[in-house]
Visitor: 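The structure's right below; bear with me while I get my questions together.
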Number of protein chains: 2
Amino acid sequence: MKLAEAKNQFVQAWGTLGSKWGINRTMAQLHALLMISPDPMSAEELMEELNISRGNVNMNIRELIDWGLVEKVHKPRDRKEYFWAEKDIWKITKQVARERKKRELEPVLRVLDQVSKVEGDKKDKNVKAFTDAVSGIKRIAGNADKAIETMFKAEENWFFGGLLKLFK
Amino acid sequence: MKLAEAKNQFVQAWGTLGSKWGINRTMAQLHALLMISPDPMSAEELMEELNISRGNVNMNIRELIDWGLVEKVHKPRDRKEYFWAEKDIWKITKQVARERKKRELEPVLRVLDQVSKVEGDKKDKNVKAFTDAVSGIKRIAGNADKAIETMFKAEENWFFGGLLKLFK
DNA sequence: TGGAACTTTCAAAAGTTATTGAAAGTTTAA
DNA sequence: TTAAACTTTCAATAACTTTTGAAAGTTCCA
């Protein structure tokens with residue numbers, strides 16, 4: 001397989017994966033493209049490679065910057081902005097986990113705390129089913145939370161070594 | 001907080017969470033409703049609680065059944081179908097992980113295997129950046145895959161006990 | 001200061017996904 | 001076999017999300 005073809009397939013696959021996990025397809029494709037680019041890329045190059053408008057590149061790159069996955073870089077003697085993506089997959093994984101935890105897990109945990117204050121007869125099977133379900137979810141979500149926190153502090157080695165040793 | 005209000009907030013929160021993770025909001029809401037219901041519910045009850053059409057209930061319940069999270073149940077002397085959801089959060093977690101792995105992780109791993117056969121000069125920095133990125137992703141994805149496989153075999157206790165002990 | 005080179009914004013258009021509801025299909029029991 | 005009670009399907013449409021592109025904004029430097 002030629003590099004151009006391989007790149008293309010990779011960018012498509014990353015876009016599809018992203019969209020199945022609630023990430024804008026274009027944002028994921030931009031990220032894919034930057035991840036496999038040894039050099040920072042300009043808006044023009046990104047527009048060109050993905051056949052999308054300047055506005056679209058701008059918005060999605062901004063979002064990637066907001067997620068902490070991409071940075072602007074400036075080349076000396078060049079007014080254009082270039083974009084560079086973190087390439088260490090372990091750092092990317094941690095960063096995505098950190099953001100999703102903050103944006104999605106934490107708000108739900110707050111609601112769970114609220115609703116677990118439900119008042120009512122503990123003998124009522126409806127109340128019991130509700131509180132049982134909520135406390136179960138809180139328990140697992142709280143543990144997922146701790147797991148992510150630990151991951152932030154951990155070395156890549158912990159994941160590729162320690163965790164897997166535990167598994168076998 | 002009254003049960004009715006708490007239920008409502010929970011259903012909304014679960015729906016929002018689902019939609020941010022690529023799961024149809026209605027499907028997630030139906031799941032939430034069934035998780036906190038001590039008894040199986042009929043299509044009518046679900047339509048009523050969520051203010052949605054019969055067709056919509058039917059499609060999304062079918063999807064939940066397909067994900068292995070909900071079952072049809074029949075009551076004696078009643079032609080109606082009722083729906084019941086698994087309530088053990090550990091089983092739900094494992095089931096969701098299993099399905100997403102099959103539907104989303106595995107297809108990507110197949111593409112990664114394909115594209116890592118890229119031909120070309122290993123000295124070319126573009127080829128190098130590409131193969132480095134792809135092999136990094138394969139490595140982490142393969143490990144996530146193993147982690148999920150292990151989770152399938154594991155007891156809930158492994159997660160709530162062993163894993164967390166390792167963490168501290 | 002003016003204007004070229006660039007980036008950002010945002011309202012409208014296109015594209016995608018979810019929902020409805022009516023019609024078709026199925027099952028049950030008399 | 002019939003018809004009532006229920007479920008399923010699917011084309012139309014509504015709702016939502018993404019993308020465009022032209023206009024506005026910014027920055028740089030002659």
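Below, read A as the first sequence line, B as the second, and so on, with proteins coming before strands; counting in each chain starts at 1.
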Visitor: Roughly, in whole Å, what's the span from CD in A:Glu81 to C1' in D:dG25?
Guide: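 Going from A:Glu81 (CD) to D:dG25 (C1'), I get 13 Å.
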
Visitor: Hey, what's the ring geometry for B:Trp14 with B:His31, parallel, tilted or perpendicular (30° and 60° as the breaks)?
Guide: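 The arrangement is tilted - the two ring planes meet at 30° to 60°.
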
Visitor: Hey, which of these two, A:Thr26 or B:Lys72, hits DNA chain D nearer its 5' end, going by closest nucleotide?
Guide: B:Lys72

Visitor: How long is the line joining CD1 of A:Ile52 and P of D:dT18, in whole Å?
Guide: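 Rounded to the whole Å, the gap is 13 Å.
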
Visitor: Quick one: label B:Arg62 by what it contacts on the DNA or RNA (base, sugar-phosphate, nothing), any heavy atom closer than 4.0 Å.
Guide: sugar-phosphate

Visitor: Check whether any side-chain heavy atom of A:Glu49 sits under 4.5 Å from a side-chain heavy atom of A:Met41, and report yes or no.
Guide: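 Touching, per the 4.5 Å side-chain cut-off.
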
Visitor: If the threshold is 4.0 Å, N to carboxylate O, is there a salt bridge linking B:Lys20 and A:Glu104?
Guide: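 Salt bridge: no.
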
Visitor: May I have the distance from B:Tyr82 (atom OH) to D:dC6 (atom P), rounded to whole angstrom?
Guide: 9 Å

Visitor: Using whole Å, what does the distance between atom C1' of nucleotide D:dT18 and atom CG of A:Asn51 come to?
Guide: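 Answer to the nearest Å: 16 Å.
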
Visitor: Under 4.0 Å from a heavy atom of chain A: give me the 5'-most and 3'-most nucleotides of DNA chain C that qualify.
Guide: C:dA4 to C:dC10

Visitor: Taking the basic N atoms (NZ, or NE/NH1/NH2) and the acidic carboxylate oxygens, is any pair closer than 4.0 Å for B:Glu156 and A:Arg139?
Guide: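 A salt bridge is present here (some side-chain N lies under 4.0 Å from a carboxylate O).
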
Visitor: If the threshold is 4.0 Å, N to carboxylate O, is there a salt bridge linking B:Asp124 and B:Lys128?
Guide: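 Result for this pair is no, no salt bridge flagged.
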
Visitor: Treating A:Gln95 as the side-chain partner and A:Leu69 as the backbone partner, does any N or O pair qualify as donor plus acceptor under 3.5 Å?
Guide: no

Visitor: Could you check whether A:Glu99 pairs with A:Lys102 (Lys NZ or Arg NE/NH1/NH2 to Asp/Glu carboxylate O, under 4.0 Å)?
Guide: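 A salt bridge links A:Glu99 with A:Lys102.
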
Visitor: Is A:Asn56 close enough to D:dG21 that one of its side-chain N or O atoms is under 4.0 Å from OP1 or OP2 there?
Guide: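 No.
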
Visitor: For the pair made of CG in A:Asn60 and P in D:dG21, what is the distance, rounded to whole Å?
Guide: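 Computing the A:Asn60:CG to D:dG21:P distance gives 15 Å.
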
Visitor: Within the structure shown, what part of the strands sits under 4.0 Å from B:Asp78 by heavy-atom distance: base, sugar-phosphate, or nothing?
Guide: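 Answer is nothing: B:Asp78 stays at 4.0 Å or more from every strand.
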
Visitor: Could you tell me how far apart B:Met59 (CE) and D:dA12 (C1') are, to the nearest whole angstrom?
Guide: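 B:Met59 atom CE is separated from D:dA12 atom C1' by 13 Å.
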
Visitor: Atom CZ of A:Arg79 and atom C1' of D:dT26: how far apart are they, to the nearest Å?
Guide: 9 Å

Visitor: Between A:Gly55 and B:Arg25, who's closer to the 5' end of DNA chain D by nearest nucleotide?
Guide: B:Arg25

Visitor: Quick one: B:Glu63 CD to D:dC10 P, roughly how many Å, whole number?
Guide: 16 Å

